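Note sheet for the following structure.
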Amino acid sequence: MSVLDRLASAAASYHGLLVQCVLFVVIALAVYVVGRILVVPPLVRVVRARNRENQTLVDATDLYARVGLAAVAIVLATAAAGFGKAFQGSALVIAAATLALGVAGQDVIGNLVSGVFLVADPDFHVGDYIQWNATEGTVEKVDFRVTRVRTAAGETITVPNSQLTSNALVAPYAGEHYRVSETFGVRYDADVGMALRLAREAAEADDRILADPGPTVRASGFGSSSIDVVARYWVGDPTETPIADVRSAYVRRVTDVYAEHDLTLNPPSQTELSGRVALADAASDGVDDGTRVP
């Protein structure tokens, strides 16, 4: 038998399988393309219309819809191409494979489920500034397995979703107001009443600091060399207001006004030493052998 005859015989043997494969690819692509055009865009528009302030949910809906559509396309194509019969009688094999995948991928599955919870959380959005453990940053994207967070230094952190759902998250700028606390000290012999008044007036001089609730300045305790003072004030719209600039401007104003009134900020600690200092010869065994040590 020639090579051509063997090729023809092989092609005839696998003709049915080739037809099934082609049918599978065509049906899967057709279902997916039609779904991307007719199903996904309207679904995303509906979710966006009902959740205009939750872009995280809109992005997740688009992602999950495309993945679900791909899964439906594969199932329909498998059934239409006749591949479903190939899996009959192999329930034991499928069960074993499912068990192996479940054990090996339990972390992945946990992150997938956590990602769904994060997306469904109405208080968690892309663009939020969050803090957890000893890390903080701005949420940029929530994927199936991980969440991408941009730190203040410009670094991108890839955080497993389960880590965010299993730890307490702090969103310091999520409210309408944000409270800033500044602690400093003044000398014991200073006019404490005037120091408190000047510090409060320095806060009231900034339009970015709220008048209601107004700033408060109180003496909080006795330090080693000064009276501790705590100034607290509120800033509105913290997501838009540069908190660092507000704090820097307040520190500069307090420093300048205290210098004008001869008030010393954070005076250095003063420690009194008492006792005597004596010099002794370094001769061995306390005997002067005529050798002098410089």
Side-chain angles (χ1 to χ4, degrees), residues 52-56 121-141 147-157 159 164 167-187 190-269:
R52 297 188 181 277
E53 303 298 328
N54 193 347
Q55 185 61 33
T56 304
D121 189 346
D123 297 325
F124 186 87
H125 308 287
V126 170
D128 287 352
Y129 191 88
I130 61 173
Q131 299 173 342
W132 76 100
N133 294 336
T135 312
E136 58 186 87
T138 303
V139 179
E140 286 194 331
K141 188 176 182 181
T147 297
R148 306 186 188 279
V149 179
R150 176 77 63 178
T151 66
E155 303 169 332
T156 298
I157 303 178
V159 187
L164 297 180
N167 289 282
L169 296 181
V170 179
Y173 307 131
E176 296 180 357
H177 303 154
Y178 178 75
R179 192 186 72 175
V180 179
S181 296
E182 303 288 355
T183 302
F184 51 91
V186 295
R187 293 174 60 93
D191 186 339
V192 178
M194 181 175 64
L196 300 180
R197 176 177 57 81
L198 293 176
R200 185 180 65 254
E201 292 176 354
E204 294 171 347
D206 194 333
D207 295 336
R208 296 171 295 183
I209 295 177
L210 298 179
D212 185 20
T216 61
V217 183
R218 293 183 175 89
S220 62
F222 300 98
S224 59
S225 61
S226 63
I227 295 179
D228 296 331
V229 176
V230 177
R232 294 189 176 96
Y233 52 86
W234 294 84
V235 177
D237 197 6
T239 58
E240 300 295 334
T241 304
I243 303 297
D245 291 347
V246 175
R247 299 185 66 170
S248 176
Y250 176 74
V251 171
R252 292 198 306 270
R253 284 195 303 272
V254 172
T255 302
D256 293 341
V257 72
Y258 273 29
E260 294 175 0
H261 292 79
D262 295 326
L263 293 174
T264 303
L265 271 171
N266 298 322
S269 177

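Here the structure is a predicted model, which means the values were calculated and not measured. Residue numbers start at 1 and run along the sequence shown.
Sorted by first and then second residue, the ring-ring contact (aromatic ring centres under 6.0 Å, His included) pairs with a member in residues 205-249 read Tyr233-Tyr250; sequence neighbours excluded. Sorted by first and then second residue, the pairs that involve residues 226-253 and meet salt bridge (Lys or Arg N to Asp or Glu O under 4.0 Å), not counting sequence neighbours, are Glu182-Arg247, Asp206-Arg253.
Listed by chain and residue number, Asp143 satisfy the salt bridge (Lys or Arg N to Asp or Glu O under 4.0 Å) test with Arg148 (two or more places apart in sequence, or in another chain). Shown here are the salt bridge (Lys or Arg N to Asp or Glu O under 4.0 Å) partners of Glu204, two or more places apart in sequence or in another chain: Arg200. Evaluation of the side chain to side chain contact (heavy atoms under 4.5 Å, CB included) rule for Leu196 yields Val192, Val217, Val229 as partners, not counting sequence neighbours.
Counting non-hydrogen atoms of neighbouring residues, nucleotides and ligands closer than 6.0 angstrom, the CG atom of Asp256 exceeds 12 such neighbours. Other residues, nucleotides and ligands place more than 12 heavy atoms under 6.0 Å from the CZ atom of Arg197.
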Between side-chain atoms of residues 167-180 and protein atoms elsewhere (two or more places apart, or another chain), which donor-acceptor pairs fall under 3.5 Å?
{"residue": "Asn167", "atom": "ND2", "partner": "Gln163", "partner atom": "O", "Å": "2.6"}

For this session: Decide yes or no on side chain to side chain contact (heavy atoms under 4.5 Å, CB included) for His125 and Val139, but give the supporting numbers first.
Result: CA-CA 7 Å; His125 308 287; Val139 179; over 6 Å; no
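Side-chain atoms of Thr135 and Ile157, non-hydrogen and from C-beta on, do get closer than 4.5 Å to each other. Side-chain contact check for Val230 versus Arg218: every heavy-atom pair is 4.5 Å or farther apart.
The OH atom of Tyr129 lies 6.5 Å from the OG1 atom of Thr138; values are rounded to the nearest 0.5 Å. For the atom pair Ile130 CD1 and Glu136 CD, the distance stands at 10.0 Å (nearest 0.5 Å). The OG1 atom of Thr147 lies 11.5 Å from the CD atom of Glu140; values are rounded to the nearest 0.5 Å. From Thr255, atom OG1 reaches atom CD of Glu260 across 11.0 Å, with rounding to the nearest 0.5 Å. The structure places CG of Asp128 at 9.5 Å from CG of Asp121, a figure rounded to the nearest 0.5 Å. Of the inter-residue distances, the one linking Lys141 atom NZ with Arg150 atom CZ reads 13.0 Å to the nearest 0.5 angstrom.
Of all heavy-atom pairs between Gly236 and Leu210, the closest is N-CG, 3.7 Å. When every heavy atom of Val254 is checked against every heavy atom of Ala202, the shortest pair comes out as CG2-CB, 3.8 Å.
Using modelled atom types, one side-chain atom of Ser225 and one backbone atom of Pro267 make a donor-acceptor pair closer than 3.5 Å.
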